[in-house]
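First comes the structure, then the notes that go with it.
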2 protein chains.
Amino acid sequence: MQIALLGGTGDIGEGLALRFAYDTDHDVLIGSREASRAETKAREYETELDSRGRTVDVAGHDNAAAAAAADVVVLAVPAYHLSDTVEAIEDAIDEDTVLVTPAVGMKRDEDGFHYNRPGAGSVTALAAEAAPEDVPVVGAYHNLPAARLANLDADLGIDTAIVGDDADAVDTVTRLTEAIEGLRPVDAGPLANAAEIEAITPLLINVAKNNDGMHDLGVRFE
Amino acid sequence: MQIALLGGTGDIGEGLALRFAYDTDHDVLIGSREASRAETKAREYETELDSRGRTVDVAGHDNAAAAAAADVVVLAVPAYHLSDTVEAIEDAIDEDTVLVTPAVGMKRDEDGFHYNRPGAGSVTALAAEAAPEDVPVVGAYHNLPAARLANLDADLGIDTAIVGDDADAVDTVTRLTEAIEGLRPVDAGPLANAAEIEAITPLLINVAKNNDGMHDLGVRFE
């Protein structure tokens, strides 16, 4: 399977790219607004993987080219870039593409971080609204600790809640996720249930800020 | 210390009463709108504890009498009873009482359970607004699995995020919580950070509903 990480040059895009390449036999494509930046990062990831005995090709393209070549496209971009990223790839994806959205909207004040729920109900719902009607959208990877994800020496031992209205697309993302060591997919139902997942991310930041020894946190449902 | 569980005859009130009585040396008082119902439940809890070799007195009172005798008062009532419960005890509590609010607002539709955020920002904030100005309010125990909490054979191994604006009150609740085996308190900052904690409860229900073998879930920050 071909997995494109759009925004795969930063934040959780980097970690997902490395984990998919290290833990699975799927092909990983990095997407960025500038192809040259994606190519540079792809070489970095190949070097990192090679140093761990995993010699694989990682492709780097602009977002549209990466999406066009992919079966699963992860929109690993900030919430405020979601709509223009979907717009940039809409002619490159179709009903056989699974679009995955991990973005979360947050705001910060003197008390801490807070969930910034958009009028659409969730950022996941915003992505679904922006996507072409026939392209299935799945919400996943909202609460992953970026630095830990990108450090292949770090154990995960965390969950990611998955939402979606298309059972086949949810199944595809669930199986992909299971292949990452230490990351357990849990089914949270339809897309309409995304807001409560997204809201965990600011809480994880608040908990990390207020407790010594807790940082770069994920969540487990036990 | 005297710990009153108002609404201690059902839901998480029962579990907290049993765990505090079993795991700590604090005195547990059950509060209910009807004193007779609280007394009946208190006898049941004593019998349950006695069967496990823990012979303690559990008191049962109406809510105001339970609150008047307590250092820490847990409002283990549904969100829609929060205001009238605080009203019923407001003359019985003062600045030396710590008021703890675990209530969460939820609504259900065909997709699942959703967080029903009140205009005050959170149910925890609602409780703080309802409380007399000099009484410190702490949010805690929002995401606890009720049946598992009330089953003393069940391991917890879960976290509870605590919020509050009064450092001494937060410290009191944190130390109480640490005394319950398998329940880890984590500091999530000021009361203004409560909504993201409350929103986890409907998500836990959605996850339990959609995943075989997962039920009566709590959360861990890892």
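Source: prediction; values computed, not measured. First the proteins, then the strands, lettered A, B, ... as listed; each starts at 1.
Using modelled atom types, one side-chain atom of Asn210(B) and one backbone atom of Asn206(B) make a donor-acceptor pair closer than 3.5 Å. A donor-acceptor pair under 3.5 Å is formed between the side chain of Asn211(A) and the backbone N or O of Asp187(B).
Across Asp111(A), Leu203(A), Asp109(A), the residue that shares the most heavy-atom pairs under 4.5 angstrom with chain B is Asp111(A). For the options Leu191(B), Val219(B), Val186(B), heavy-atom pairs under 4.5 Å to chain A are most numerous at Val186(B). Ranked by non-hydrogen atom pairs under 4.5 Å with chain A, the options Ile158(B), Asn143(B), Asn193(B) are led by Asn193(B). Of the residues considered (Ala188(B), Pro202(B), Gly157(B)), Ala188(B) shows the highest number of contacts with chain A, using heavy-atom pairs under 4.5 Å. Note: Arg148(B) leads Arg148(B), Glu110(B), Lys209(B) in heavy-atom pairs under 4.5 Å with chain A. Contacts with chain B were tallied for Ala208(A), Pro145(A), Ala195(A), Ala199(A); Ala199(A) has the most, counting heavy-atom pairs under 4.5 Å.
At least one side-chain heavy atom of Pro118(B) sits under 4.5 Å from a side-chain heavy atom of Val123(B).
One distance of note links CD of Glu95(A) with CG of Asp134(A); it measures 5.0 Å at 0.5 Å rounding.
When heavy atoms are compared at a cutoff of 4.5 Å, Leu217(A) approaches chain B by way of both its backbone and its side chain. With a threshold of 4.5 angstrom between heavy atoms, Ile197(A) approaches chain B through its backbone and through its side chain.
Note on Glu178(A) versus Arg175(A): no salt bridge recorded, every NZ/NE/NH1/NH2 to OD/OE distance being 4.0 Å or above. A salt bridge does not link Arg19(A) with Asp155(A): none of the charged nitrogens is closer than 4.0 Å to a carboxylate oxygen.
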